[in-house]
Amino acid sequence: MKSLEMYQKLARLIVRRGLNVQKGQPVVIKIDVRHHDFADMLVKEAYEAGAKTVEIDWKDPVLTTCRTLYEDEETLCDVPQ
């Protein structure tokens with residue numbers, strides 16, 4: 001139970017001090033999919049700090065590895081404007 005409380009305090013510290021989220025500000029959180037529970041805490045804390053919107057940009061290392069190994073070169077080199 002102490003670790004849950006520690007993560008909640010860490011989420012608060014990140015949002016309130018690290019990001020310094022202000023009322024009406026949009027927030028984008030980039031986080032590994034394996035940390036979805038912590039992402040939930042960050043989202044909640046950001047909204048409580050007054051964020052207008054909160055988006056999660058999920059990262060998945062397995063997907064990234066598979067894309068690198070299996071997509072053809074043309075697809076990998078296609079960079080959208």
Side-chain angles (χ1 to χ4, degrees):
M1 194 63 152
K2 287 186 179 183
S3 64
L4 177 61
E5 185 179 326
M6 180 192 70
Y7 280 111
Q8 289 171 332
K9 287 181 180 181
L10 181 59
R12 183 174 179 83
L13 179 67
I14 289 169
V15 169
R16 304 284 177 148
R17 299 288 183 170
L19 298 175
N20 191 24
V21 173
Q22 301 296 306
K23 185 176 181 176
Q25 179 181 3
V27 174
V28 177
I29 299 169
K30 296 182 179 192
I31 193 165
D32 193 301
V33 294
R34 294 175 291 185
H35 305 297
H36 62 86
D37 291 335
F38 188 58
D40 291 345
M41 292 178 200
L42 291 169
V43 169
K44 182 177 182 282
E45 193 62 45
Y47 277 120
E48 288 178 355
K52 181 177 183 177
T53 60
V54 181
E55 283 189 42
I56 299 286
D57 183 1
W58 296 107
K59 301 297 178 191
D60 184 349
V62 174
L63 174 63
T64 302
T65 300
C66 286
R67 290 181 111 174
T68 304
L69 291 173
Y70 300 112
E71 284 187 4
D72 63 35
E73 187 176 338
E74 185 179 326
T75 304
L76 286 171
C77 292
D78 183 27
V79 180
Q81 298 265 342

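No more than 12 heavy atoms of other residues, nucleotides or ligands lie within 6.0 Å of CZ in Arg67, so this atom counts as exposed by the packing criterion.
For the salt bridge (charged side-chain N to carboxylate O under 4.0 Å, His left out) test, no residue two or more places apart in sequence or in another chain qualifies with Glu55. The salt bridge (charged side-chain N to carboxylate O under 4.0 Å, His left out) check on Lys59 picks up Asp57, with sequence neighbours excluded. Residues that satisfy the side chain to side chain donor-acceptor pair (under 3.5 Å) test with Gln8, not counting sequence neighbours, are absent from this structure. Remark: Asp32 engages Arg34 in a salt bridge (charged side-chain N to carboxylate O under 4.0 Å, His left out) (not counting sequence neighbours). Every residue two or more places apart in sequence or in another chain that forms a side chain to side chain donor-acceptor pair (under 3.5 Å) with Gln22 is listed here: Asn20.
Among pairs with a residue in residues 26-49, those fulfilling ring pair (Phe, Tyr, Trp, His ring centres under 6.0 Å) read Tyr7-Phe38, at least two apart in sequence or across chains.
Interatomic distance, Asp37 CG to Leu42 CG, rounded to the nearest 0.5 Å: 11.0 Å. Residue Lys44 holds its NZ atom at 9.5 Å from CZ of Arg12, rounded to the nearest 0.5 Å.
Smallest separation of non-hydrogen atoms from Val43 and Val54: CG2-CG1, 3.8 Å. Taking every heavy atom of both residues into account, Ala11 and Met41 meet most closely at CB-CB, 3.9 Å. Of all heavy-atom pairs spanning Ala46 and Val21, the tightest one is O-CG1, 4.1 Å.
A continuous path of ILVMFWY side-chain contacts below 4.5 Å connects Leu4 to Val15, so both sit in one hydrophobic cluster. Residues Ile56 and Val28 do not share a hydrophobic cluster, clusters being chains of Ile/Leu/Val/Met/Phe/Trp/Tyr side chains in contact below 4.5 Å. Following chains of ILVMFWY side-chain contacts shorter than 4.5 Å, one can reach Ile31 starting from Val33, so the two form part of one hydrophobic cluster.
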